[in-house]
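What follows is a single structure, written as structure tokens, with notes after it.
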Amino acid sequence: MAIIFKGILFVVFIPLGQGPDEPNHVIHTLLFTQQRDNKPAYQDNITQKPSKPHVLYDADPVDDPRFWNYTIHDDIITKKVFAILNKNNFWNFVDVSPPFPSTLEDVQKRGLGEYIAVRRYITPVYFYLLSMPLRWLNFKDITNQWFFLRFTSMIIGMGVVWFSYLTAKIVFKKYENTIAPLAVAAFVSFLPQFSFLSSVVNPDNLLFLFAAATLYVICLSIQAGKKLKYYIVIMLLSVICCITKEQGIPVVIFAFFAISFVALNSKNMSPPERIDAIFQPIYVFLIFILFTGAIIYFFGDRVSLGRFFDVGHARSNNVFQTFLVPADYMRCFLIWFVSFWFSYGWMVYKMSIAWYLVFGIITLIALIGVVKTILTKKEQENICKKCVFLIVSFVLISLFSVLIFYGPGHKGMQARHFLAALPAIAILLVMGIDNLMPHEFQNIAIGIFILFLVFVNAITIIKYIIPIYYL
């Protein structure tokens, strides 16, 4: 009940439009409610060329018409969304200097299309799926449709919490007297940044859900032993992550690695079974290729797909000249840390430094505990060892993928780009705290940690959200 109550508070108190790219996502979804096919709902002129040569590392992606709906059209949905933003004083809370735009023409002239224009994705699966209930429900007002989409995000977020709890139960199975799985669920649910993201309209939420489900089925497969049905489910779930948003690609990489690891680490196999175990990941990978191809064929946008490959190519060409600047890494990790815990609105509002020092101490304690867990000679259940290894791998793959794709100096770097691994991060953090405490104080320490997370959520609403947006 506390999770539901918290979710409702965040949905209601965060002004409409204050989620990252939220106006764009709402317009995109509502465009789909007016059509009956599954093709991308863009209204742009994709033949328009950038006003200057596009350098993928240095230039803002808004300069690229393949990324945004470059021309803002004067349609009724965009007009109504723009009116809602103005009513909620949207421009006062984003990084825009006055005078603020009063018409869509002003937005176009000032180059502020990134705040309201539809963004292109490889496939618009998220927007298409969310548009389907809106086609059946008789919501006349866009404000009501917007809140319906937000409450849908809240429900999706609860699914992430549930899968995190189920995964933690497998990992912490040997600790029968601990409340660690509950602490993992509490951390995911009451992490201030996740409370914020799961209360706004954003395709990241669907990615988080299927990534959490992927990790859960992987841990299930370790518990059940190598079974092809688990591998197929793992790959299909990871494919949905991939086609929802490009940040799902690390989930696919991790899924294939995990399947290979589970298949090749099964004990007591005969030589024919060992050969079959080697080829099973290959079979699953072929299924992944076919399924992904089918989804992109029926739902995809070739322009967006082309942009993705262009960006990947540019990143790989710029590795040595952009990845060896220490100051960029310091800035990158600082942004990751701050935006992992609390960075509301359009990456504008932060908590006081004292809070981040507290979060830093918690992070340091957890890291020491995780290292102790990995290096300890204490006997651990084999299933737990394998799960921990794969969980650590998932976090590292997610971090390095974001770092490589964006580059440490990219101004758009945010922690939400790797939050597909949030359940894994939560498990490691709770495991670290749990293993640093004396056995008789473990449950007490974790219980205090859960209460602390609830308290921090209350603080974010009372001291930050309400004063910033309403006082």
Side-chain angles (χ1 to χ4, degrees), residues 121-123 125 160 163 167 203-204 206-222 226 228 230-265 277-296 300 304-305 307-316 319 323 332 336 386-408 410 413-425 427-428:
Y121 286 88
I122 296 174
T123 69
V125 169
V160 177
F163 278 119
T167 306
D204 289 344
L206 190 64
L207 167 61
F208 299 160
L209 176 65
F210 284 102
T214 302
L215 182 61
Y216 169 62
V217 179
I218 286 172
C219 290
L220 264 185
S221 70
I222 295 175
K226 65 178 188 67
L228 185 59
Y230 285 111
Y231 301 162
I232 294 174
V233 172
I234 290 167
M235 217 65 211
L236 293 181
L237 289 171
S238 66
V239 166
I240 297 174
C241 294
C242 180
I243 63 178
T244 298
K245 203 172 180 184
E246 59 266 24
Q247 280 84 8
I249 293 173
V251 183
V252 174
I253 297 172
F254 167 67
F256 187 67
F257 170 76
I259 290 170
S260 303
F261 174 81
V262 175
L264 297 175
N265 278 272
I278 293 172
F279 279 97
Q280 276 189 356
I282 298 175
Y283 302 150
V284 174
F285 185 70
L286 292 176
I287 293 173
F288 156 70
I289 294 294
L290 291 174
F291 185 66
T292 305
I295 292 292
I296 292 177
S304 299
L305 188 61
R307 171 197 167 271
F308 168 77
F309 286 115
D310 285 348
V311 170
H313 178 69
R315 294 285 184 265
S316 62
V319 166
F323 279 67
C332 170
W336 275 1
K386 290 180 179 179
C387 287
V388 170
F389 172 77
L390 288 177
I391 285 170
V392 172
S393 301
F394 188 18
V395 174
L396 293 177
I397 289 171
S398 298
L399 292 175
F400 280 113
S401 296
V402 173
L403 193 63
I404 291 171
F405 188 77
Y406 283 92
H410 194 275
M413 183 78 73
Q414 299 175 40
R416 67 186 176 97
H417 295 148
F418 61 77
L419 282 190
L422 178 58
I425 295 172
I427 289 171
L428 292 177

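Starting from 1, each residue takes its place in the sequence as its number.
- Considering only residues two or more places apart in sequence or on other chains, Phe210 meets the ring pair (Phe, Tyr, Trp, His ring centres under 6.0 Å) condition with none of them.
- Residue Leu422 holds its CG atom at 6.0 Å from CD1 of Ile425, rounded to the nearest 0.5 Å.
- To the nearest 0.5 Å, atoms OH (Tyr216) and CG (Leu237) are separated by 11.5 Å.
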Could you go through residues 397-404 and list every donor-acceptor pair under 3.5 Å that involves a side-chain atom there, pairing it with any protein atom two or more places apart or in another chain?
unit_1 : atom_1 : unit_2 : atom_2 : d
Ser398 : OG     : Phe394 : O      : 2.9
Ser401 : OG     : Ile397 : O      : 2.6

Quiz item: What's the verdict on side-chain contact (heavy atoms from CB on, under 4.5 Å) for Val395 and Phe418, showing C-alpha distance, side-chain angles and the deciding distance?
Solution: CA-CA 8 Å; Val395 174; Phe418 61 77; over 6 Å; no
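- Contact check for Ile253 versus Phe257: no side-chain heavy atoms found under the 4.5 Å cut-off.
- Leu390 contributes atom CG, which lies 7.0 Å from atom SG of Cys219 (distance to the nearest 0.5 angstrom).
- In terms of heavy atoms, Ile234 sits closest to Ser221 at CD1-OG, 4.1 Å.
- The nearest pair of heavy atoms linking Pro203 to Thr244 is O-CG2, 3.6 Å.
- With a 4.5 Å cut-off on side-chain heavy atoms, Pro423 and Thr167 do not count as touching.
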Practice problem: Give the C-alpha distance, both sets of side-chain angles, the deciding distance and a yes or no for side-chain contact (heavy atoms from CB on, under 4.5 Å) between Tyr230 and Leu220. | Solution: CA-CA 8 Å; Tyr230 285 111; Leu220 264 185; 4.1 Å; yes
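- Atom-to-atom distance recorded for Leu236:CG and Cys241:SG is 11.0 Å, nearest 0.5 angstrom.
- For the ring pair (Phe, Tyr, Trp, His ring centres under 6.0 Å) with Phe261, the lone residue among Phe389, Tyr231, Phe256 that qualifies is Phe389.
- A side-chain contact (heavy atoms from CB on, under 4.5 Å) with Val160 is found for exactly one of Leu419, Leu207, Leu206, Leu209, namely Leu209.
- Contact annotation: the side chain of Cys332 approaches that of Trp336 to within less than 4.5 Å [non-hydrogen atoms, C-beta and beyond].
- For the side chain to side chain donor-acceptor pair (under 3.5 Å) test with Asp204, the passing option among His417, Gln247, Arg416 is Arg416; the others fail.
- Here the shortest heavy-atom pairing between Ala255 and Thr214 reads CB-CG2, 4.4 Å.
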